Novice: 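Take a look at this one; I'll ask things after.
Heads up: numbering here begins at 1 and tracks the sequence. Small disclaimer: the values here were computed from a predicted structure and weren't measured.
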Amino acid sequence: MAEDKRALVQKVLNMEDAPRVPIGFWWHFVPKDKHSAGLQDPSIFDTVVKKQKETYDILKPDFVKLMTDGYFSHPSVVENDIRTVEDLKKIKPIGKDHPWIREQVALTKKAMEYMEGEVMVFYNIFAPMQSMRMYIEYIFSDVDAFQDLIMNHPEDMAAAAKIIGDDTIALMEALKEETAIDGIYYSVQTIQNEKADEAFHDKYVVPSDLQVLDAANELWDNNLIHICGIAGYHNDIPFYKKYKAKAYNWAVHTDNFSLKEGKDLFNAAVIGGFDYKPHTVLEDGTDEEVEAFVKDLIEKTGKRGLIIGADCAVPADIDLNRLAFVREVAEKYSR
């Protein structure tokens, strides 16, 4: 009888005893400069669907995080090349029938056709402030522009984030109505500025973050949070105790905050353990080193409420046999 992976992951998310510790890894399917170009380059849609299916065939994952490659940022941000406070006025609502929403729904449907309901599926969505950051700072490497906007014009940024949040909720409502996804994988991040303390975060970032997350929790019972540590960015993990979800994932190695600490803080399931960066133990370690790492991770974190994965997206060219080996080892030490 085939293993019921849906039931397995659901037990873990519910903090119940499960037959084994599952794994979950993901990576991007197109280059960084294409991450918000889906409406301009139709080939991105086909590439993401194709790669998602190929990955599913080879890895046979315990669950799937559907990637948002091509649709990272709100169309108003991309089309108007938002960089200044004057540009923020160009961010306008797009409505539920906009191609940015319709194409993401279509992508989800096509990718899920292949899985036939075998696993739980979570769609990757960026928080509104993170959506702007992923265009301004991540894709175009204009760190100064983003920092100027958020630190010197926080009210304007919060207003823009509210508009993006409304359209993101429209996207989620369409995904709920038209697809069978089990929830969202919600990407959030702190401001990366020493002046942006928790009070600043609560005033200017939390409202739009929770605008979307609270709506997601109304739509689905199973939503996951990714506290993004891309490029070595540090997040203050306790900031996120007010963010309610079924499981949490963060950069354990950058934030120096263990999975066990996170499980205790959130009183919920946790995902991760491995450093996502190239040439670390996941990618370059010997089988013996990987096995020892997994064994130690299970012993220190506890089997209940644990999904082994990485801090963030792993290198796109990683050997999928290595990820399958992680699952074998996790099963060995958790059965």
Side-chain angles (χ1 to χ4, degrees), residues 1-14 16-30 38 42-71 101-125 171-187 216-217 219-224 226 245-247 249 269 271 306-310 313-314 316 318-328 330-331 334-335:
M1 181 178 177
E3 180 183 34
D4 188 340
K5 292 181 179 178
R6 289 188 61 85
L8 169 69
V9 173
Q10 187 68 73
K11 283 181 179 291
V12 174
L13 296 181
N14 290 343
E16 299 170 359
D17 290 330
R20 65 176 176 88
V21 169
I23 70 161
F25 294 96
W26 50 89
W27 51 94
H28 296 293
F29 299 122
V30 299
S43 70
I44 295 173
F45 181 102
D46 295 329
T47 297
V48 173
V49 171
K50 179 175 179 285
K51 293 292 186 180
Q52 197 78 64
K53 291 179 177 180
E54 288 175 355
T55 300
Y56 188 80
D57 269 346
I58 297 169
L59 187 57
K60 298 297 182 188
D62 293 327
F63 72 93
V64 168
K65 176 186 179 184
L66 281 181
M67 302 307 290
T68 322
D69 292 1
Y71 306 95
I101 291 177
R102 300 312 312 160
E103 288 186 17
Q104 290 188 74
V105 173
L107 184 151
T108 303
K109 287 180 176 178
K110 278 189 170 292
M112 290 188 69
E113 285 173 2
Y114 217 59
M115 302 169 197
E116 299 182 337
E118 293 176 336
V119 297
M120 296 185 79
V121 178
F122 304 91
Y123 190 71
N124 182 66
I125 282 180
L171 167 63
M172 294 192 304
E173 289 172 343
L175 288 168
K176 175 66 175 180
E177 181 178 346
E178 301 179 47
T179 78
I181 64 169
D182 294 279
I184 67 165
Y185 212 120
Y186 193 47
S187 179
N217 285 331
L219 293 168
W220 296 280
D221 293 330
N222 297 294
N223 294 299
L224 318 179
H226 172 58
K246 274 294 184 75
N249 166 236
I271 304 170
L306 171 63
I307 297 174
I308 292 177
V314 298
I318 196 165
D319 182 358
L320 298 189
N321 292 320
R322 168 50 60 92
L323 304 185
F325 178 69
V326 172
R327 180 166 50 209
E328 292 172 15
E331 180 170 1
S334 62
R335 279 287 183 189

Novice: Starting at CG of Leu107, measure out to CD of Gln52 and round the result to the nearest 0.5 Å.
Specialist: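 Reported value, rounded in 0.5 Å steps: 8.0 Å.
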
Novice: Under the rule for side-chain contact (heavy atoms from CB on, under 4.5 Å), what residues qualify as partners of Ala174, not counting sequence neighbours?
Specialist: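 Ala174 satisfies side-chain contact (heavy atoms from CB on, under 4.5 Å) with Ile101, Arg102, Val105, Glu178 once adjacent residues are dropped.
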
Novice: Rounded at 0.5 Å granularity, tell me how far CD1 in Ile23 sits from CD in Glu331.
Specialist: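 Reported to 0.5 Å precision, the distance equals 11.0 Å.
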
Novice: With sequence neighbours left out, what residues match Glu16 under side-chain hydrogen bond (donor to acceptor under 3.5 Å, both in side chains)?
Specialist: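 Partners of Glu16 by the side-chain hydrogen bond (donor to acceptor under 3.5 Å, both in side chains) criterion come out as none, since no residue qualifies.
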
Novice: Taking salt bridge (charged side-chain N to carboxylate O under 4.0 Å, His left out) as the definition, give me every residue that meets it alongside Asp17, ordered by chain and number, with sequence neighbours left out.
Specialist: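 Listed in chain order: Arg304.
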
Novice: Please report the interatomic distance OH(Tyr185) to CG(Asn223), rounded to the nearest 0.5 Å.
Specialist: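 It is 11.5 Å, given to the nearest 0.5 Å.
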
Novice: Is any side-chain heavy atom of Met120 closer than 4.5 Å to a side-chain heavy atom of Leu13?
Specialist: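 Touching, per the 4.5 Å side-chain cut-off.
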
Novice: May I ask you to check whether over 12 heavy atoms, not counting those of Asp221, lie within 6.0 Å of atom CG?
Specialist: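 For Asp221, atom CG is not crowded (no more than 12 foreign heavy atoms under 6.0 Å).
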
Novice: Output all residues satisfying side-chain contact (heavy atoms from CB on, under 4.5 Å) with Leu219, sequence neighbours left out; order by chain, then residue number.
Specialist: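 Leu219 satisfies side-chain contact (heavy atoms from CB on, under 4.5 Å) with Met172, Glu173, Lys176 only.
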
Novice: Which heavy atom in Leu8 sits nearest to a heavy atom in Pro22, and how many Å separate them?
Specialist: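 Residues Leu8 and Pro22, closest heavy atoms: CD2-CB, 3.9 Å.
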
Novice: Where do Asp57 and Tyr114 land on the side chain to side chain contact (heavy atoms under 4.5 Å, CB included) test, with the steps shown first?
Specialist: CA-CA 9 Å; Asp57 269 346; Tyr114 217 59; 2.8 Å; yes

Novice: Not counting sequence neighbours, which residues clear side-chain hydrogen bond (donor to acceptor under 3.5 Å, both in side chains) with Asn222? List them please.
Specialist: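 Result, side-chain hydrogen bond (donor to acceptor under 3.5 Å, both in side chains) vs Asn222: Gln10, Lys246.
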
Novice: Minimum heavy-atom separation for Ile307 to Gly24, with atom names?
Specialist: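 Taking Ile307 first and Gly24 second, the nearest heavy atoms are CG2-N, 3.9 Å.
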
Novice: Closest heavy-atom contact between Glu103 and Gly38?
Specialist: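 Looks like OE1-O, 3.8 Å.
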
Novice: Closest heavy-atom contact between Ala216 and Ile184?
Specialist: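 Residues Ala216 and Ile184, closest heavy atoms: CB-CD1, 3.6 Å.
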
Novice: Under a 4.0 Å N-O cut-off, is there an ion pair linking Lys51 with Asp69?
Specialist: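 Result for this pair is no, no salt bridge flagged.
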
Novice: Who passes side-chain hydrogen bond (donor to acceptor under 3.5 Å, both in side chains) against Arg20, sequence neighbours left out?
Specialist: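 Arg20 satisfies side-chain hydrogen bond (donor to acceptor under 3.5 Å, both in side chains) with Glu3, Asp62 once adjacent residues are dropped.
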
Novice: Tell me, please, which residues at least two apart from Glu118 pass side-chain hydrogen bond (donor to acceptor under 3.5 Å, both in side chains).
Specialist: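 side-chain hydrogen bond (donor to acceptor under 3.5 Å, both in side chains) list for Glu118, sorted by chain: Tyr56.
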
Novice: Sequence neighbours excluded, which residues qualify as ring pair (Phe, Tyr, Trp, His ring centres under 6.0 Å) partners of Phe122?
Specialist: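 Ring pair (Phe, Tyr, Trp, His ring centres under 6.0 Å) list for Phe122, sorted by chain: Phe63.
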
Novice: For residues Ile318 and Leu323, determine if any side-chain heavy atom of one lies less than 4.5 Å from a side-chain heavy atom of the other.
Specialist: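 Of all side-chain heavy-atom pairs linking Leu323 with Ile318, at least one is under 4.5 Å.
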
Novice: Within a reach of under 6.0 Å around NZ of Lys11, are more than 12 heavy atoms found that belong to other residues, nucleotides or ligands?
Specialist: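 Result for NZ/Lys11: open.
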
Novice: Rounded at 0.5 Å granularity, tell me how far CD in Glu328 sits from CG in Asn321.
Specialist: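 One finds 9.0 Å between CD of Glu328 and CG of Asn321.
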
Novice: Just jot down the side-chain contact (heavy atoms from CB on, under 4.5 Å) partners of Thr108, sequence neighbours excluded, or say none.
Specialist: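 Residues passing side-chain contact (heavy atoms from CB on, under 4.5 Å) with Thr108: Leu66, Met112, Tyr123, Leu175, Thr179, Ile181.
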
Novice: Among all residues two or more places apart in sequence or in another chain, which pass the side-chain contact (heavy atoms from CB on, under 4.5 Å) test with Lys50?
Specialist: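 So Lys50 forms a side-chain contact (heavy atoms from CB on, under 4.5 Å) with Glu54.
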
Novice: Can you find a pair of side-chain heavy atoms, one from Trp220 and one from Asp182, that are under 4.5 Å apart?
Specialist: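 Trp220 does not reach Asp182 side chain to side chain.
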
Novice: Just how far is it from atom OG of Ser187 to atom CG of Asn249, taken to the nearest 0.5 Å?
Specialist: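 So the gap between those two atoms works out to 9.5 Å.
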
Novice: Who passes ring pair (Phe, Tyr, Trp, His ring centres under 6.0 Å) against Phe25, sequence neighbours left out?
Specialist: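 Scan of Phe25 (ring pair (Phe, Tyr, Trp, His ring centres under 6.0 Å), adjacent residues dropped) gives none.
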
Novice: Run the side chain to side chain contact (heavy atoms under 4.5 Å, CB included) test on Lys53 and Met115 for me, step by step, so that the C-alpha distance in whole Å, both residues' side-chain angles and the decisive distance to 0.1 Å come before the verdict.
Specialist: CA-CA 8 Å; Lys53 291 179 177 180; Met115 302 169 197; over 6 Å; no

Novice: How long is the straight-line distance from CD1 of Ile125 back to OG1 of Thr68, given to the nearest 0.5 Å?
Specialist: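 So the OG1 of Thr68 and the CD1 of Ile125 are separated by 7.0 Å.
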
Novice: Less than 4.5 Å apart, any side-chain heavy atom of Asn124 and any of Trp26?
Specialist: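 The answer is no, as the side chains (C-beta and beyond) never meet within the 4.5 Å cut-off.
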
Novice: If you define the side chain from C-beta out and look only at heavy atoms, does anything of Asp46 sit under 4.5 Å from Ser43?
Specialist: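 No. Closest side-chain heavy atoms not under 4.5 Å.
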
Novice: Is there a donor-acceptor contact under 3.5 Å from the side chain of Arg327 to the main chain of Ile308?
Specialist: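 Pair absent, no side-chain N/O of Arg327 close to backbone of Ile308.
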
Novice: Only counting residues at least two apart or in another chain, list the ones meeting ring pair (Phe, Tyr, Trp, His ring centres under 6.0 Å) with Tyr186.
Specialist: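 By the ring pair (Phe, Tyr, Trp, His ring centres under 6.0 Å) rule, Tyr186 matches no residue at all.
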
